[in-house]
Amino acid sequence: MFQTPPVVIHRHRLPARYRVGLTVMWIVPLLIFIATIITQRGIDPALFDPRFLLPVLLMIAPAFYFWQEGVDVLSEGIYRRIHVPQYHPFDAMQRWDYDQGADRQVLTVWNQQGEKILECRAGHLTDFPDLISVLAARVKN
């Protein structure tokens with residue numbers, strides 16, 4: 001009935017300083033906006049009105065996206081949390097390539113149908129060498 005969640009071996013996220021910075025960048029304008037309302041009117045019941053709360057939630061949605069974006073390495077595959085979260089088993093991966101050019105350090109992974117299932121830059125994920133080593137061990141080029 002209930003499935004146990006897969007065990008995450010590695011989590012590869014945007015480095016913490018960038019995640020915090022992007023999250024703050026999305027939340028601070030909202031906090032300034034609310035603080036201005038409170039200083040002008042005090043705690044107003046209009047702050048709890050759904051017509052106000054819905055735009056507030058929409059304004060902070062990108063902050064949650066930046067915080068969770070990344071790649072989780074599981075025992076049997078990867079869980080890609082970039083744009084739309086998707087699980088890809090290692091068996092469905094056909095090949096991968098790490099382009100280590102001077103201006104371009106990009107990892108690309110393709111599935112059995114030749115479609116890109118992951119493309120990310122080395123500087124955008126923490127512990128990038130660990131991700132490369134897992135792919136080298138589990139996906140045969």
Side-chain angles (χ1 to χ4, degrees), residues 1-139 141:
M1 184 174 189
F2 292 103
Q3 285 185 324
T4 41
V7 176
V8 176
I9 298 170
H10 300 149
R11 287 192 192 278
H12 304 278
R13 299 282 185 260
L14 196 60
R17 66 182 181 274
Y18 297 120
R19 286 192 304 155
V20 169
L22 288 168
T23 302
V24 166
M25 182 181 77
W26 282 100
I27 292 177
V28 165
L30 178 64
L31 294 176
I32 291 170
F33 182 61
I34 291 173
T36 303
I37 292 171
I38 291 173
T39 57
Q40 292 297 316
R41 296 184 174 190
I43 301 292
D44 192 342
L47 289 173
F48 304 104
D49 188 326
R51 293 173 293 181
F52 177 74
L53 290 178
L54 181 61
V56 165
L57 293 175
L58 289 174
M59 287 175 70
I60 64 171
F64 292 112
Y65 170 77
F66 290 125
W67 197 257
Q68 64 88 32
E69 180 184 41
V71 177
D72 294 341
V73 176
L74 311 173
S75 59
E76 296 301 318
I78 60 172
Y79 189 65
R80 181 190 73 153
R81 296 175 185 267
I82 301 172
H83 304 301
V84 177
Q86 294 178 337
Y87 172 75
H88 298 282
F90 290 119
D91 297 339
M93 296 177 202
Q94 180 181 18
R95 64 188 176 96
W96 63 276
D97 179 57
Y98 179 42
D99 182 0
Q100 293 181 327
D103 62 335
R104 179 178 162 85
Q105 295 181 335
V106 177
L107 170 68
T108 308
V109 181
W110 292 271
N111 65 10
Q112 299 291 345
Q113 291 76 33
E115 301 166 332
K116 281 185 191 177
I117 57 174
L118 176 63
E119 184 174 76
C120 56
R121 294 189 176 272
H124 291 178
L125 296 177
T126 56
D127 302 325
F128 195 76
D130 290 341
L131 179 58
I132 295 291
S133 65
V134 167
L135 289 172
R138 300 296 305 262
V139 179
N141 281 335

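Taken to the nearest 0.5 Å, the CE atom of M59 stands 11.0 Å off from the CG atom of L57. One finds the CZ atom of R81 at 11.0 Å from the CD atom of E69 (value rounded to the nearest 0.5 Å). To the nearest 0.5 angstrom, W26 atom CH2 is 12.0 Å from I60 atom CD1. Between the CH2 atom of W110 and the CZ atom of R95 there is a distance of 4.5 Å, given to the nearest 0.5 Å. Remark: I34 CD1 to T39 OG1 distance equals 12.0 Å, nearest 0.5 Å. With rounding to the nearest 0.5 Å, the separation of CD1 in I43 from CD1 in I37 is 10.5 Å.
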Legend entry - Worked verdict on I82 versus L118 for side-chain contact (heavy atoms from CB on, under 4.5 Å): CA-CA 8 Å; I82 301 172; L118 176 63; 3.8 Å; yes
Legend entry - Check against side-chain contact (heavy atoms from CB on, under 4.5 Å), L135 and L107: CA-CA 10 Å; L135 289 172; L107 170 68; 3.7 Å; yes
Inset, instruction - Evaluate the side-chain contact (heavy atoms from CB on, under 4.5 Å) criterion for residues I78 and F90: first the C-alpha distance (whole Å), next the side-chain angles of each, then the deciding distance (0.1 Å), finally the verdict. - result: CA-CA 7 Å; I78 60 172; F90 290 119; 4.0 Å; yes
Inset, instruction - Evaluate side-chain contact (heavy atoms from CB on, under 4.5 Å) for V73 paired with V8, printing each intermediate quantity in order. - result: CA-CA 6 Å; V73 176; V8 176; over 6 Å; no
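Counted within 6.0 Å of CZ on F33, heavy atoms from surrounding residues, nucleotides or ligands total 12 or fewer; the atom is thus considered open.
A heavy-atom distance below 4.5 Å is found between the side chains of V71 and L131. Residues D130 and V134 have side chains not in contact (no heavy-atom distance under 4.5 Å, counting atoms from C-beta outward).
Shortest non-hydrogen contact noted between P15 and H124 is CD-O, 3.8 Å. Of all non-hydrogen atoms in R121 and D103, the two that sit nearest each other are NH1-O, 4.1 Å. Of all non-hydrogen atoms in L47 and F52, the two that sit nearest each other are O-CD2, 3.2 Å. The two atoms that bring C120 and L125 nearest to each other are SG-CD1, 3.4 Å, heavy atoms only. In terms of heavy-atom proximity, P29 sits nearest to V24 at CD-O, 4.2 Å.
Ring pair Y98/F128 is tilted by interplanar angle, where 30° to 60° counts as tilted.
Residue pairs meeting the side chain to side chain donor-acceptor pair (under 3.5 Å) criterion with at least one member in residues 9-23, sequence neighbours excluded: R11-D72, R13-D72. The side chain to side chain donor-acceptor pair (under 3.5 Å) analysis of residues 41-62, with sequence neighbours excluded, yields the pairs R41-D44, D49-R51.
When atom types are taken as modelled, the side chain of Y79 and the backbone of G70 share no donor-acceptor pair closer than 3.5 angstrom. Between the side chain of E76 and the main chain of D91, no donor-acceptor pair closer than 3.5 Å is present.
For Q86, the side chain to side chain donor-acceptor pair (under 3.5 Å) partners are R80, H88, not counting sequence neighbours.
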